[in-house]
Amino acid sequence: MRLFCPRCHSRLVDSPYCDLDALTALVITALLLFIPANLLPILEVTLLGSVRQATIAFGAVITFEQGFWLVGIAIFIAGVLAPLLLLTSILLQLVLLKLGKGKTALRQLIKWHPMLDEVAMLEVYLISFFVAAFKLGDFADLHYGWGTFCFMLLFIMVFYVQYEYNRDLMWQKYEEQFLL
């Protein structure tokens with residue numbers, strides 16, 4: 001939101017964050033992209049006549065089955081579970097603010113938001129995906145599926161949601177809704 005003085009045209013209010021309705025639209029879009037990004041194959045590898053397709057969650061399962069259970073759990077949490085919880089938490093905060101209900105739940109969601117924000121690391125997964133694809137490209141045929149496209153869009157949407165989410169504004173709206 002930007003407000004300018006009608007006389008001198010100086011900037012009176014300049015909030016870099018979008019309003020709550022626009023943030024709700026961003027979160028819903030990210031949640032809609034989350035489904036195909038995690039269900040559709042992101043990569044098809046053809047190596048010595050063998051064809052394998054992989055999704056993000058399947059990559060975590062394979063890593064777990066190879067004996068790297070801690071890495072598999074970390075991949076699942078950082079690439080699948082935490083982004084879903086982060087987006088769901090923000091959407092619940094927005095819905096509770098809109099309805100004016102759930103004072104205790106809203107306070108807890110806002111309070112725990114920084115932890116979810118730090119755990120959701122789609123960018124790490126995206127970089128590791130590119131490194132793996134680059135290394136596999138020398139000796140295998142790679143085909144990127146619709147899951148790759150959806151995952152890229154999901155990454156962009158989650159980035160914008162994290163950029164537009166303002167915890168101080170949420171506390172301010174919480175106080176206006178429940179404490180005043």
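- Proximity of Y165 to Q93: side-chain heavy atoms (C-beta onward) are separated by under 4.5 Å at one or more points.
- Taking OG of S89 as the start and CG of L109 as the end, the distance is 4.5 Å to the nearest 0.5 Å.
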Point to revise | Audit row: L31, L91, side-chain contact (heavy atoms from CB on, under 4.5 Å) steps and yes/no | key: CA-CA 9 Å; L31 282 170; L91 184 63; 3.7 Å; yes
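- A single hydrophobic cluster is seen to contain both I90 and W171, as judged by linkage of ILVMFWY side chains at heavy-atom distances under 4.5 Å, directly or through other members.
- Residues V119 and A82 come closest through the heavy atom pair CG1-CB, 3.5 Å.
- In the hydrophobic clustering of ILVMFWY residues, with side-chain heavy atoms under 4.5 Å counting as a link, I62 and L81 come out apart.
- Here the CG-CE distance, from L33 to M152, works out to 13.0 Å after rounding to the nearest 0.5 Å.
- Counting heavy atoms from C-beta outward, N38 and V80 have side chains that approach closer than 4.5 Å.
- Note: the hydrophobic cluster containing L179 also contains L169 (ILVMFWY, side chain heavy atoms under 4.5 Å, direct or indirect links).
- Taken to the nearest 0.5 Å, the NZ atom of K111 stands 11.5 Å off from the OG1 atom of T104.
- In this model, no donor atom of one side chain and acceptor atom of the other lie less than 3.5 Å apart for E44 and Y144.
- Here E164 contributes atom CD and M157 contributes atom CE; the two are 10.0 Å apart, rounded to the nearest 0.5 Å.
- Classification of the F178-Y174 ring pair by plane angle, with boundaries at 30° and 60°, yields tilted.
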Practice item. Any chance you could lay out the side-chain contact (heavy atoms from CB on, under 4.5 Å) test for L86 and Q162, step after step, and finish with the verdict? Key: CA-CA 9 Å; L86 177 74; Q162 288 175 320; 3.5 Å; yes
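- Across every non-hydrogen atom of I75 and A60, the tightest pair is CG2-CB, 3.8 Å.
- Defined by atom type and a distance below 3.5 Å, a donor-acceptor pair is present between the side-chain atoms of W112 and Q108.
- Minimum interatomic distance between L154 and A37 (heavy atoms only, all atoms of both residues): CD2-CB, 4.0 Å.
- Residues R52 and T46 form no side-chain contact, since every pair of their non-hydrogen atoms from C-beta on lies 4.5 Å or further apart.
- Closest non-hydrogen pair, L43 versus T148, comes out as N-OG1, 4.4 Å.
- Counting non-hydrogen atoms of neighbouring residues, nucleotides and ligands closer than 6.0 angstrom, the CZ atom of F4 exceeds 12 such neighbours.
- No donor-acceptor pair under 3.5 Å is formed between the side chain of T63 and the backbone N or O of V71.
- Proximity of I56 to I42: side-chain heavy atoms (C-beta onward) are separated by under 4.5 Å at one or more points.
- Residues L142 and L40 fall within the same hydrophobic cluster, defined by Ile, Leu, Val, Met, Phe, Trp and Tyr side chains chained together at heavy-atom separations under 4.5 Å.
- In this structure the side chain of M170 reaches within 4.5 angstrom of the side chain of L20, judged on heavy atoms.
- With respect to D117 and R167, no salt bridge is recorded, no charged nitrogen being found less than 4.0 Å from a carboxylate O.
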Point to revise | Evaluation steps, side-chain contact (heavy atoms from CB on, under 4.5 Å), between L23 and L94 | key: CA-CA 8 Å; L23 183 60; L94 294 167; 4.0 Å; yes
Check your understanding: Step by step, would you call L32 with I28 a side-chain contact (heavy atoms from CB on, under 4.5 Å)?
Key -> CA-CA 6 Å; L32 289 175; I28 290 172; 4.2 Å; yes
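- Taking both residues in full, the closest heavy atoms of P41 and Q53 are given as CG-OE1, 3.7 Å, listed atom of the first, atom of the second, then distance.
- Interatomic distance, CG of L153 versus CH2 of W146, reported as 9.5 Å (0.5 Å rounding).
- A single hydrophobic cluster is not seen to contain both I127 and I156; linkage of ILVMFWY side chains at heavy-atom distances under 4.5 Å, directly or through other members, places them apart.
- Here L84 contributes atom CG and F34 contributes atom CZ; the two are 4.5 Å apart, rounded to the nearest 0.5 Å.
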